[in-house]
Participant: 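The structure follows.
The chains referred to below are lettered A, B, ... by the order of the sequence lines, with proteins before strands, and numbering in each begins at 1.
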Amino acid sequence: MSQLVGYTVDSRVRWTEYLPWLLAVLVYFLLPDYLSLGSRVLTYILFALSLDLIIGYAGIITLGHASFFGLGAYITGILAAKLGVTDPLIQLLASGLGAGLLGLVTGAVILKMKGLTQLMLTLAISALCLEVANKATFITGGADGLSGMEIAPILGLFKFDLFGKTAYLYCLFLLFLTWVVIRRLIYSPFGVSLMGIRENAARMHAIGAPVYQKLMVVYTLSALIAGLSGALLAQTNQFVGLNVLGFEPSGELLVMLILGGVGRLYGAFVGPVVFLLAQDYLAKQFPEYWYFGIGLLLVLVVLFARGGVLGILDKFTASSKARQSGAQSS
Amino acid sequence: MEIFLSSLVSVAFHGLAYGMILYVISVGLSVTMGLMGFTNLAHGVFAMTGGYVLVVSLSKFDIPFPLALALCFGLVALVSVVLERTLYARLYGEAELEQVLFTIGLIYMSVAVARLIFGTLQQPVILPEYLKGQFSLMGRDFPAYRVFLILFTSAIIAALWFGVERTIWGAKVRASVDNRAMAQSIGINTKSLFTTTFAVGSGLAGLGGGLGAEIVAIQPTYPFEQLVFFLIVVSVGGLGSLRGPFVAALLIGVTDTACKYWLPEFGAFFIYIATIGLLLWRPQGLLGKRS
Amino acid sequence: MTYALETRGLSKSFGALTVADRIDFQLDVGARHALIGPNGAGKTTFVNLLTGRLAPSEGLVFLGGEEVSNLSQSERVKKGLGRTFQINTLFSKMSVLDNVALGVSERLGLSSGLWKTAKSYANVTEEAMSLLELLGIESDAHHIVKDLPYGKQRLVEIAIALGLKPKVLLLDEPAAGVPSMESQRILSALDLLPKDIAIMIIEHDMDLVFKFAQKITVLVQGAVLCEGSPQEIAKDTRVHQVYLGEQRA
């Protein structure tokens, strides 16, 4: 298995890395009826990227990542519906900062723990957020959700239209910017040290690395990005409900990421595409079977297909290369 | 003052009943996680299954209550053995992420199955006549079923503690929790020990789910909703210990009941805050070992 | 006189079990020191106490004359204390070069760089390469660690520790698991280490110990039994009784 980050890894952009963006632009022109689904996919790719930073690169398992997503969504929703702050970029900024702050505070607690305790705390914090949103009906709308959101045109120029065209390009642009940042991060010395923490935290301590601080940075960044994706969801749907918080969306995101492949940067792209497309088609027709199918898929992936879709592709290309050249792959 | 004392007694009583149920369900999780080192998030599925078994036995098949309870334990234990031998055993020693994902997958599957078979509503529990009504104690009336719950779960817990602390099986469990490699090297068959302990723990969860069906409603989303409480009991109590989760479960039971009674606008808010605070102070749990 | 490393009254107990018993220990600058003792004597525990991985019940630790008893592992590393592990604690899915580069970049304070690619830090990769050359494993630089034979992995352990430019180096059983014919390679590597570093090894391989050490400390049940030159230790009857058996009379 070849190494993805490191001091000798070539980090120049491979041609295959242009494909997702090409595809996204093609969708815009060729499938105008599917743009709202498209925006949803792009939003979840952003969300999945943020989770991959934590799970795939830092190696921390969390069941409560939706806390940041949900907080971002609600901050935007409250600003738009209750406080009259309608500029989408300000909403985005506020959501990112708010979620980042939550990440800072919760990270300070969680990252000191290990194992079951850490896992359970991520769940407890998530349950806490859901409980607050559920009970604080005067600002969150409780179980009815937050509607009546007003979103002004972006930069005063680009109005959110009914066909979802603006929303789609908006999400795409934001995703692109974030991807650039994350990609640089992963290939930087900081990114390599994150990998070191995931591989062998004990060793990192023994070489004098400030493990806790590094984890705090990545956790807070991840929370911020998740908050941005939550804001996107709120802005494109113009509604926020309780389903953005809790175990369910956290679990769903986990499935998406595993499906695509953890710690591979593009697993976060593949997973949501496959999952959301399948959900759009299947879940409406057979909701319970869909749910069962996800569970079964998860079990099967863990037992037989660890690396997700990208892992399977990897094995496939590695074995066909081996057959072609007759030499061993690295 | 009178009214306050009266509600205090009521809260303590109901909190005790809830806490005991929580313990009976969660103790299996504490022991198997401490013993097998396996993060089994699907533990709530066993409790839920026990709940459905009870409800169906009582309402559809008219099975007498004691037998229905025995079924809760037995059937769930049996199912857990099958699952353990076929699926769980493949993942021992795997990384935590794999175990977490696997057990979440199990939760999804069982939630879907429960919805397909039973629908999404809460299951009503039809108690036998002799357990309905009120029970008089020291001039106060308490719901008879809750009194029965407290007494019966006390008996179960006593039997469990006796079993773990006095029998050979119990000694093997304690040794293996303490130091698995060492236990194997002195000839303890950890494989069959895992299976029997898993069966007992899951059976207890099923029994607890059935017994507690009146307090913690049986519905398909049960494993999702209750998971955090089981995990809180286990981590606050201390992984692998028997008494720690007992104290934790009672604390949670009483605190949750008190909050729901006096501060319903806050719901479970304080439980979560208290958990976070407690673990910051003692990360290994109340009675856990510092690793 | 300032010692490279010193402990005073260092003790550690777990309840009734004492694993370190009022240890007074001095490591000279540039020392070639060995710590020996029967299994369970508490040698690795002692190293864990020295590095800060384990907190003592009592006692003080001094690094180059400065008290470090309250500092964390990472802080002590920054002050010049390096160690290797008895069981390989490597980044097994990463390349040999990366394993060493991680330590080098930490030391140089470059590991928080967020923007430039790791590959562009030529000073890091060059230094890592030169360390690999020192230990004779530069040809394996791009191989994944877990694919290497065990003996070479032990050398990677040492290379990582060297990348920290320590003033004191604690090697926990550097030859452990290495067939005794290959331990010569370890010994040669140890000979090549800079003379100004104080080195202490824990070892069971007596050949290696007697060839390497100028001074030996014997640890039994968490307490220092005796100390001296290899010749003195070889003749000491107490050591014979407790450890060497009847092999060296």
Side-chain angles (χ1 to χ4, degrees), chain A residues 55-56 59-64 106 108-110 112-132 134-137 246-248 250-252 254-255 257-259 262-263 286-304 306, chain B residues 29-30 33-34 37 39 41-42 87 90-91 94-117 220-221 223-225 227-236 239 264-269 271-273 275-277 279-280 283-285 288 291:
Chain A
I55 293 191
I60 303 169
I61 306 175
T62 166
L63 293 174
T106 54
V109 171
I110 286 178
K112 287 214 191 287
M113 311 283 178
K114 287 185 291 222
L116 172 74
T117 309
Q118 189 184 64
L119 190 69
M120 186 280 299
L121 279 177
T122 62
L123 203 56
I125 289 170
S126 171
L128 188 66
C129 291
L130 181 59
E131 193 76 348
V132 169
N134 194 12
K135 298 284 182 180
T137 24
F247 191 178
E248 286 224 41
S250 304
E252 248 185 24
L254 211 52
V255 177
L257 189 59
I258 303 309
L259 189 57
V262 175
F286 323 103
E288 290 328 323
Y289 293 106
W290 162 255
Y291 219 63
F292 184 83
I294 298 185
L296 186 61
L297 185 75
L298 213 44
V299 169
L300 291 176
V301 164
V302 170
L303 289 175
F304 304 116
R306 273 314 149 73
Chain B
L29 185 61
S30 172
M33 283 194 67
T39 312
L41 300 183
L87 295 175
R90 287 170 184 249
L91 294 169
E94 292 286 346
E96 199 188 346
L97 180 62
E98 269 73 35
Q99 295 174 350
V100 165
L101 293 172
F102 170 72
T103 49
I104 290 181
L106 285 183
I107 298 181
Y108 273 106
M109 284 165 74
S110 39
V111 168
V113 167
R115 274 208 277 253
L116 279 170
I117 303 180
T221 48
F224 276 128
E225 287 170 11
L227 177 62
V228 66
F229 295 113
F230 304 148
L231 288 181
I232 289 180
V233 167
V234 172
S235 26
V236 167
L239 206 61
E265 325 85 55
F266 284 92
F269 184 78
I271 302 259
Y272 301 131
I273 298 279
T275 303
I276 294 171
L279 285 168
L280 275 175
Q284 74 275 31
S291 60

Participant: Measure distances from Leu296(A) to the heavy atoms of chain B and classify the residue's part below 4.5 Å as side chain, backbone, both or neither.
Facilitator: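 Contact with chain B: backbone and side chain both.
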Participant: Is it the backbone or the side chain of Val255(A) that comes under 4.5 Å from a heavy atom of chain B, or both, or neither?
Facilitator: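 For Val255(A), side-chain heavy atoms alone lie under 4.5 Å from chain B.
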Participant: With heavy-atom distances below 4.5 Å as the criterion, would you say the side chains of Leu280(B) and Val109(A) are in contact?
Facilitator: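 They are in contact (side-chain heavy atoms under 4.5 Å apart), so the answer is yes.
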Participant: Provide the closest heavy-atom pair for Glu96(B) versus Leu116(A) in the form atom of the first, atom of the second, distance.
Facilitator: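 Here Glu96(B) and Leu116(A) meet closest at OE2-N, 4.4 Å.
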Participant: What part of Leu130(A) is in contact with chain B, defined as an atom under 4.5 angstrom from a non-hydrogen atom: side chain, backbone, both or neither?
Facilitator: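 Contact with chain B involves no heavy atom of Leu130(A) at all.
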Participant: Specify the closest pair of heavy atoms between Met113(A) and Leu279(B), including all atoms of both residues, with the distance to one decimal.
Facilitator: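 The pair with the smallest heavy-atom distance is CE-O, 3.3 Å.
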Participant: Chain B heavy atoms under 4.5 Å from Ile110(A): which part of the residue, side chain, backbone, both or neither?
Facilitator: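 For Ile110(A), there is no contact with chain B at all, as no heavy atom is under 4.5 Å.
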Participant: Kindly determine whether Thr117(A) and Leu239(B) satisfy side-chain contact (heavy atoms from CB on, under 4.5 Å), including the steps that lead there.
Facilitator: CA-CA 9 Å; Thr117(A) 309; Leu239(B) 206 61; over 6 Å; no
Participant: Quick check for you: among Gly246(A), Gly59(A), Ala124(A), Gly293(A), which has the greatest number of heavy-atom pairs under 4.5 Å with chain B?
Facilitator: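 That would be Ala124(A).
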Participant: Which answer fits Leu41(B), side chain, backbone, both or neither, if we ask what part of it has an atom under 4.5 Å from a heavy atom of chain A?
Facilitator: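 Only the side chain of Leu41(B) comes within 4.5 Å of chain A.
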Participant: If we define contacts as heavy-atom pairs under 4.5 Å, which of Thr275(B), Ile273(B), Ile232(B) has the most with chain A?
Facilitator: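 Ranked by contacts with chain A, first place is Ile232(B).
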Participant: Let's test your reading of the structure: which of Gly295(A), Ala136(A), Ser126(A), Gly251(A) forms the most heavy-atom pairs below 4.5 Å with chain B?
Facilitator: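 That would be Gly295(A).
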Participant: Taking the side chain from Glu131(A) and the backbone from Ala268(B), do they hold a donor-acceptor pair closer than 3.5 Å?
Facilitator: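 Checked: pair present.
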Participant: Is any side-chain heavy atom of Leu91(B) less than 4.5 Å from a side-chain heavy atom of Leu303(A)?
Facilitator: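 Sidechains of Leu303(A) and Leu91(B): in contact.
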Participant: Hey, are the side chains of Leu298(A) and Phe102(B) touching, using non-hydrogen atoms and a 4.5 Å cut-off?
Facilitator: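 Answer no - side chains too far apart.
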Participant: Would you give the length of the straight line joining atom OG1 of Thr39(B) to atom CG of Leu119(A), rounded to the nearest 0.5 angstrom?
Facilitator: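 Taking OG1 in Thr39(B) and CG in Leu119(A), the distance rounds to 7.0 Å.
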Participant: Under 4.5 Å heavy-atom distance to chain B, tell me which part of Ile55(A) shows up: side chain, backbone, both or neither.
Facilitator: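 Just the side chain, heavy atoms under 4.5 Å.
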Participant: Can you tell which part of Ile61(A) gets under 4.5 Å to a heavy atom of chain B, answering side chain, backbone, both or neither?
Facilitator: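 Contact with chain B is through the side chain of Ile61(A) alone.
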Participant: Checking Thr221(B) now: which residues fulfil side-chain hydrogen bond (donor to acceptor under 3.5 Å, both in side chains) with it, not counting sequence neighbours?
Facilitator: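 Thr221(B): side-chain hydrogen bond (donor to acceptor under 3.5 Å, both in side chains) contacts with Glu225(B).
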Participant: Could you measure the distance from the CG atom of Leu227(B) to the CE atom of Met120(A)? Nearest 0.5 Å is fine.
Facilitator: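 Rounded to the nearest 0.5 Å, the CG-CE separation comes out at 10.5 Å.
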Participant: To the nearest 0.5 Å, tell me how far Ile294(A) CD1 sits from Ile104(B) CD1.
Facilitator: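 Here the rounded value is 11.5 Å.
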Participant: Can you list every salt bridge (charged side-chain N to carboxylate O under 4.0 Å, His left out) pair that touches residues 290-301 of chain A, not counting sequence neighbours?
Facilitator: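 Residue pairs with at least one partner in residues 290-301 of chain A: there are none.
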Participant: So which part of Val100(B) gets closer than 4.5 Å to some heavy atom of chain A, the side chain, the backbone, both or neither?
Facilitator: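 Side chain only.
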Participant: Within this structure, what is the CZ-OH distance for the pair Arg115(B) and Tyr289(A), rounded to the nearest 0.5 Å?
Facilitator: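 Here the rounded value is 13.5 Å.
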Participant: Any chance you could measure Leu123(A), atom CG, to Phe224(B), atom CZ, to the nearest 0.5 Å?
Facilitator: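 That separation rounds to 10.5 Å.
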Participant: Checking ring pair (Phe, Tyr, Trp, His ring centres under 6.0 Å) between Tyr108(B) and each of Trp290(A), Phe292(A), Tyr291(A), which is the one that passes?
Facilitator: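 So the option named by the test is Tyr291(A).
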Participant: Can you tell me which portion of Pro264(B) sits under 4.5 Å from chain A's heavy atoms? Options are side chain, backbone, both or neither.
Facilitator: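 Contact with chain A: backbone only.
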Participant: Looking at CD1 of Ile271(B) and CG of Leu128(A), how far apart are the two atoms once the value is rounded to the nearest 0.5 Å?
Facilitator: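 Interatomic distance, Ile271(B) CD1 to Leu128(A) CG, rounded to 0.5 Å: 11.5 Å.
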